[in-house]
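Note that these values count all heavy atoms, side chains included, but never hydrogens, waters or copies made by symmetry. Every chain is numbered from 1, with letters handed out A, B, ... down the list of sequences.
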2 protein chains.
Amino acid sequence: MEFDRMTSAGYLVNHMARLFAEGLRKRIAPLGIVPGQFPALLALWNKDGLTQKELLALLDIEQATLANTLTRMERDGLITRKEHPADARARTIHLTEKVRAIRDSAYKVAMEVNEDALSDFSDKERAVFLDFMRRTITTLQDDGQGSK
Amino acid sequence: MEFDRMTSAGYLVNHMARLFAEGLRKRIAPLGIVPGQFPALLALWNKDGLTQKELLALLDIEQATLANTLTRMERDGLITRKEHPADARARTIHLTEKVRAIRDSAYKVAMEVNEDALSDFSDKERAVFLDFMRRTITTLQDDGQGSK
DNA sequence: TCGCATTGCATAGCATGCTATATATTATTA
DNA sequence: TAATAATATATAGCATGCTATGCAATGCGA
């Protein structure tokens with residue numbers, strides 16, 4: 001009995017994810033950002049001044065992961081954090097001018113990476129592919145639920 | 001202009017990869033192995049006694065990544081390394097009895113994870129999905145080549 | 001055979017992600 | 001209102017992946 005990587009969804013997904021991330025990393029490096037910051041930036045470009053908790057609710061990562069990512073973003077001059085007016089535990093997160101300025105370039109580059117990856121797919125195929133991925137995500141999330 | 005995560009291949013692939021990895025991690029934990037060790041184990045179950053260079057040629061990771069993974073595998077009692085008979089720089093890699101014994105269980109569990117993830121897909125859909133992923137990987141690898 | 005290039009592997013340093021746990025503040029309740 | 005529970009964020013520790021670089025051993029050309 002042989003286990004063939006090329007017919008293992010898990011293997012292929014892992015490999016694809018690394019290639020996407022590396023492709024994005026190379027293209028956004030000139031902008032001064034890295035792939036892990038992208039989801040948070042998307043949310044903050046859309047709505048600035050969120051708390052970590054509010055931002056977390058928009059992302060599919062764990063709280064500790066976000067906290068660390070925000071620390072690096074602050075270190076890199078992408079965000080600043082201000083004390084929350086009503087809750088001393090919380091802080092509001094604000095994009096710096098520097099990162100507000102690269103929004104359009106970053107969008108463009110991210111879309112280019114997606115476009116390149118799917119360059120030999122028809123529109124129909126792309127739609128099916130994205131749908132398959134969303135279905136798989138839903139299934140895996142439900143799996144992992146655990147009644148509790 | 002809105003960037004929608006649900007229509008971004010890169011975003012979906014990243015999320016899927018994390019869900020697959022977490023699913024696998026939970027299921028193989030009782031066997032004493034972790035997801036990152038799986039590709040190396042598959043290769044070594046198939047052919048024991050490879051050098052790091054030979055093993056590397058079978059995997060889609062960087063040399064440094066493999067070196068670190070092998071160090072953890074040795075620490076965890078999954079492999080031993082012996083001096084190469086003809087080249088003092090190289091070492092041959094050998095599975096321990098402990099890990100030879102879990103081969104069938106590990107195969108089974110990995111296939112279950114794939115099965116579960118695709119449980120609501122037809123055979124036809126699965127074939128298409130795997131094909132899409134292989135095509136995407138090929139495209140991204142070619143992209144990243146750089147003439148040099 | 002000496003000297004330099006190449007090779008095989010290891011290490012350093014970093015990003016991204018996770019679980020578990022700590023800390024400080026706020027909210028609730030006896 | 002004092003004690004307790006809940007909440008918001010941070011930290012510790014680890015795995016996995018990458019690039020860059022170090023080091024020892026091997027191989028090859030002058």
Side-chain angles (χ1 to χ4, degrees), chain A residues 10-11 13-26 28-29 32-41 50-57 59-76 78 81-93 144 146, chain B residues 10-11 13-26 28-29 32-41 50-57 59-76 78 81-93 144 146:
Chain A
Y11 182 86
V13 166
N14 171 277
H15 195 184
M16 247 199 320
R18 285 184 286 121
L19 291 168
F20 264 101
E22 291 309 309
L24 184 61
R25 184 182 303 279
K26 271 170 191 148
I28 60 178
I33 60 178
V34 287
Q37 298 165 346
F38 222 97
L41 286 174
L50 298 172
T51 64
Q52 182 182 125
K53 179 189 169 69
E54 289 167 336
L55 180 54
L56 182 63
L59 308 181
D60 300 297
I61 56 176
E62 294 302 315
Q63 178 269 323
T65 300
L66 178 56
N68 284 326
T69 296
L70 290 172
T71 297
R72 286 191 295 270
M73 290 172 75
E74 194 166 33
R75 177 203 65 192
D76 297 345
L78 307 178
R81 289 189 274 196
K82 299 182 192 164
E83 51 185 47
H84 190 281
D87 187 340
R89 292 169 304 181
R91 291 194 281 168
T92 55
I93 303 161
Chain B
Y11 182 86
V13 165
N14 171 275
H15 195 183
M16 248 200 318
R18 286 184 287 122
L19 291 168
F20 264 101
E22 290 309 309
L24 184 61
R25 184 181 302 280
K26 271 170 191 150
I28 59 178
I33 60 177
V34 287
Q37 298 165 346
F38 222 97
L41 287 174
L50 299 172
T51 65
Q52 183 182 125
K53 179 191 168 67
E54 289 167 337
L55 180 53
L56 182 65
L59 308 180
D60 300 299
I61 56 175
E62 294 302 316
Q63 179 269 323
T65 300
L66 178 55
N68 284 326
T69 296
L70 290 173
T71 296
R72 286 190 295 270
M73 290 172 75
E74 195 166 33
R75 178 203 65 191
D76 297 345
L78 306 178
R81 288 188 274 197
K82 298 182 191 166
E83 52 184 47
H84 191 282
D87 187 339
R89 292 169 303 182
R91 291 195 281 169
T92 56
I93 302 161

Proximity to the side chain of A:V34 - top-ranked nucleotide from C:dC18, C:dA15, C:dT11: C:dA15

Taking only side-chain N and O atoms of B:R72, does any of them lie within less than 4.0 angstrom of OP1 or OP2 on D:dT16? yes

Are any protein N/O atoms closer than 3.5 Å to N/O atoms in nucleotides 1-4 of chain D? If there are, list each pair with its distance.
none

Salt bridge (charged side-chain N to carboxylate O under 4.0 Å, His left out) involving A:D60 - partner list, sequence neighbours excluded: B:R5

Value in whole Å for how far the C1' atom of D:dT16 lies from CZ of B:R18: 14 Å

Short side-chain N/O contact from A:Q52 to OP1 or OP2 of D:dT7, under 4.0 Å: no

Once each nucleotide of nucleotides 20-27 of chain C is scored for protein heavy atoms under 4.0 Å, what B/S/- sequence comes out, 5' to 3'? B----BS-

Given D:dT16, D:dT11, C:dC9, the nucleotide with the shortest approach to the side chain of B:A90: C:dC9

Does A:N14 make a side-chain N or O approach to OP1 or OP2 of D:dT16 shorter than 4.0 Å? no

Can you name the residues that form a salt bridge (charged side-chain N to carboxylate O under 4.0 Å, His left out) with B:E74, not counting sequence neighbours? B:R81

Any chance you could measure A:T69, atom OG1, to A:L78, atom CG, to the nearest 0.5 Å? 11.0 Å

Quickly work out the A:E54 CD to D:dT9 C1' distance and round it to whole Å. 14 Å

Which nucleotide in C:dC18, D:dC18, D:dA15 has an atom nearest any side-chain atom of A:T65: C:dC18

I want to check one thing: is the phosphate of D:dA15, taken as OP1 and OP2, less than 4.0 Å away from some side-chain N or O of B:Q37? no

side-chain hydrogen bond (donor to acceptor under 3.5 Å, both in side chains) involving B:E83 - partner list, sequence neighbours excluded: none

Write down the distance between CD1 (A:I33) and C1' (C:dT16), rounded to a whole number of angstrom. 15 Å

When you measure from the side chain of A:I61, which nucleotide among C:dC9, C:dT16, C:dC18 comes out closest? C:dC18

May I ask you to evaluate whether B:R91 reaches the phosphate of C:dA10, defined as a side-chain N or O under 4.0 Å from OP1 or OP2? yes

Residue set satisfying salt bridge (charged side-chain N to carboxylate O under 4.0 Å, His left out) with A:R72, at least two apart, ordered chain then number -> none

Interatomic distance where CG belongs to B:D60 and P belongs to D:dC18 [whole Å]: 9 Å

